[in-house]
Amino acid sequence: MKFEDYPAPVSPPRCAHPCGQCGLRSNPAFIPVSDEELRVIESFRGGTRAVDAGGSVIEEHRPSPMLFTLYSGWAFRYKTLSDGRRQILSFLLPGDFIGLQDEFADGQTHGVEAVTGVTLCAFPREKLWNLFHAQPKLSYDITWLAAREEKMVDDNLVTAGRRNAGERVAMLLMHLYRRAERVGMVRDGWAEFPINQQHIADALGLSLVHTNKTLRYLQRLGLYKIDSGWLRILEPRALETLGDYFERPMRPAPLL
């Protein structure tokens, strides 16, 4: 199949089936659970939700009564300054657990916006303590997911504080490509990539003009190609070296 035959990513259908029929659970990117744990997750779940591209999953200045697992699509966490400047804290892909940070903060800590149409499994925040009490292993899984999110934030801090523009963009492209690859969003070397230049600028703390110049420079070097919402890494070793990106293979992650 040629790349030009691939359709642009579209809004996904609603996820209304039982947890045991979840398409993500057959993905080797995620740790299998026992039948008992699956029943507990099913009882914890409070329904599903679909959000169109550009819509709010969690509003920045309102407490959310729900936690979410992203089932399909792309989203991002962000914070906005009083003058409207936005910092994207992290990009979210299928399997990511959303909203836990607010459990341990005074007030809303961030917003979450859908990049594409997304579907999510929703979990009432008020049931979280009961889950921790009844299922220590699942509680550890949630802690693991929170620690992984913290590591990504640490990596972003290093990028913003020490990498130059070219290194920042190289790091982000490799990071998102590898994450998309891990959850099965790559076809024949092309990864779904609905991220635009404004997203990249907001994630890396660069101006839109500087972001555009840097992306064009790296593309002229033949390191990557973006076409119609798809990303191909043409020279992965060169891009990894430029971005100082030497991640070990990603471990299978828990899935709620």
Side-chain angles (χ1 to χ4, degrees), residues 1-6 8-9 24 27-31 73-77 87-96 115-116 144-145 147-253:
M1 188 176 187
K2 297 180 180 179
F3 166 72
E4 54 266 26
D5 296 326
Y6 290 151
L24 291 180
N27 191 318
F30 302 106
I31 299 172
W74 288 68
F76 60 83
R77 296 194 309 115
Q87 177 67 46
I88 290 179
L89 304 171
S90 63
F91 290 99
L92 302 167
L93 277 75
D96 286 345
V115 179
T116 66
W144 191 97
L145 291 169
R148 184 184 65 169
E149 182 74 24
E150 182 181 3
K151 179 187 179 300
M152 290 183 186
V153 172
D154 289 347
D155 291 341
N156 291 343
L157 179 60
V158 173
T159 293
R162 292 301 177 186
R163 289 183 170 96
N164 63 35
E167 293 165 346
R168 293 183 196 189
V169 172
M171 170 68 178
L172 183 65
L173 293 178
M174 285 305 310
H175 173 69
L176 292 179
Y177 183 90
R178 293 302 184 204
R179 288 185 63 200
E181 183 179 47
R182 173 178 168 273
V183 294
M185 300 172 76
V186 171
R187 307 181 193 178
D188 299 330
W190 290 92
E192 293 184 27
F193 197 75
I195 306 303
N196 61 34
Q197 291 189 16
Q198 188 64 65
H199 293 134
I200 293 173
D202 288 349
L204 299 179
L206 299 172
S207 70
L208 189 58
V209 171
H210 202 171
T211 299
N212 177 271
K213 289 180 178 179
T214 305
L215 284 165
R216 287 192 288 112
Y217 173 69
L218 296 183
Q219 189 164 16
R220 286 198 303 270
L221 292 179
L223 302 184
Y224 79 96
K225 182 177 182 181
I226 293 177
D227 193 347
S228 303
W230 295 82
L231 166 68
R232 187 178 186 92
I233 303 298
L234 301 175
E235 296 290 345
R237 290 188 179 180
L239 207 59
E240 287 173 348
T241 300
L242 175 60
D244 199 16
Y245 178 89
F246 294 101
E247 287 285 328
R248 287 176 286 181
M250 295 182 180
R251 295 168 49 188

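For reference, positions follow the sequence shown, starting with 1.
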| Under the side-chain contact (heavy atoms from CB on, under 4.5 Å) test, which residues partner Ala238, sequence neighbours left out? |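 Once residues adjacent in sequence are excluded, the partners of Ala238 under the side-chain contact (heavy atoms from CB on, under 4.5 Å) criterion are Leu223, Glu235.
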| said: I'd like to check the ring-ring contact (aromatic ring centres under 6.0 Å, His included) partners of His199; sequence neighbours left out, ordered by chain and number. | reply: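 Counting only residues at least two positions away or on another chain, His199 forms a ring-ring contact (aromatic ring centres under 6.0 Å, His included) with Phe76.
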To the nearest 0.5 Å, tell me how far [X] [atom1] sits from [Y] [atom2].
{"X": "Arg232", "Y": "Lys225", "atom1": "CZ", "atom2": "NZ", "result": "9.0 Å"}
{"X": "Leu176", "Y": "Ser90", "atom1": "CG", "atom2": "OG", "result": "10.0 Å"}
{"X": "Ile226", "Y": "Leu215", "atom1": "CD1", "atom2": "CG", "result": "6.0 Å"}
{"X": "Leu204", "Y": "Met171", "atom1": "CG", "atom2": "CE", "result": "10.0 Å"}
{"X": "Leu231", "Y": "Met174", "atom1": "CG", "atom2": "CE", "result": "9.0 Å"}

Would you find a donor on one side and an acceptor on the other, under 3.5 Å apart, between the side chain of [X] and the backbone of [Y]?
{"X": "Tyr177", "Y": "Val186", "result": "no"}
{"X": "Gln87", "Y": "Ala203", "result": "yes"}
{"X": "Arg163", "Y": "Gly243", "result": "yes"}
{"X": "Asn164", "Y": "Glu167", "result": "yes"}
{"X": "Asn27", "Y": "Val183", "result": "yes"}
{"X": "Asn212", "Y": "Val209", "result": "no"}

Check: [Y] and [X] side chains under 4.5 Å, non-hydrogen atoms:
{"X": "Lys151", "Y": "Asp155", "value": "yes"}
{"X": "Val169", "Y": "Tyr217", "value": "no"}
{"X": "Trp74", "Y": "Glu192", "value": "yes"}

| task | Could you note down all residue pairs passing salt bridge (charged side-chain N to carboxylate O under 4.0 Å, His left out) where residues 210-223 supplies at least one of them, sequence neighbours left out? | result |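 Found none.
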| message | Would Arg182 and Phe30 count as a cation-pi pair here, with the cationic atom under 6.0 angstrom from the ring centre and within 45° of the axis? | response |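 Here Arg182 passes the 6.0 Å and 45° test against Phe30.
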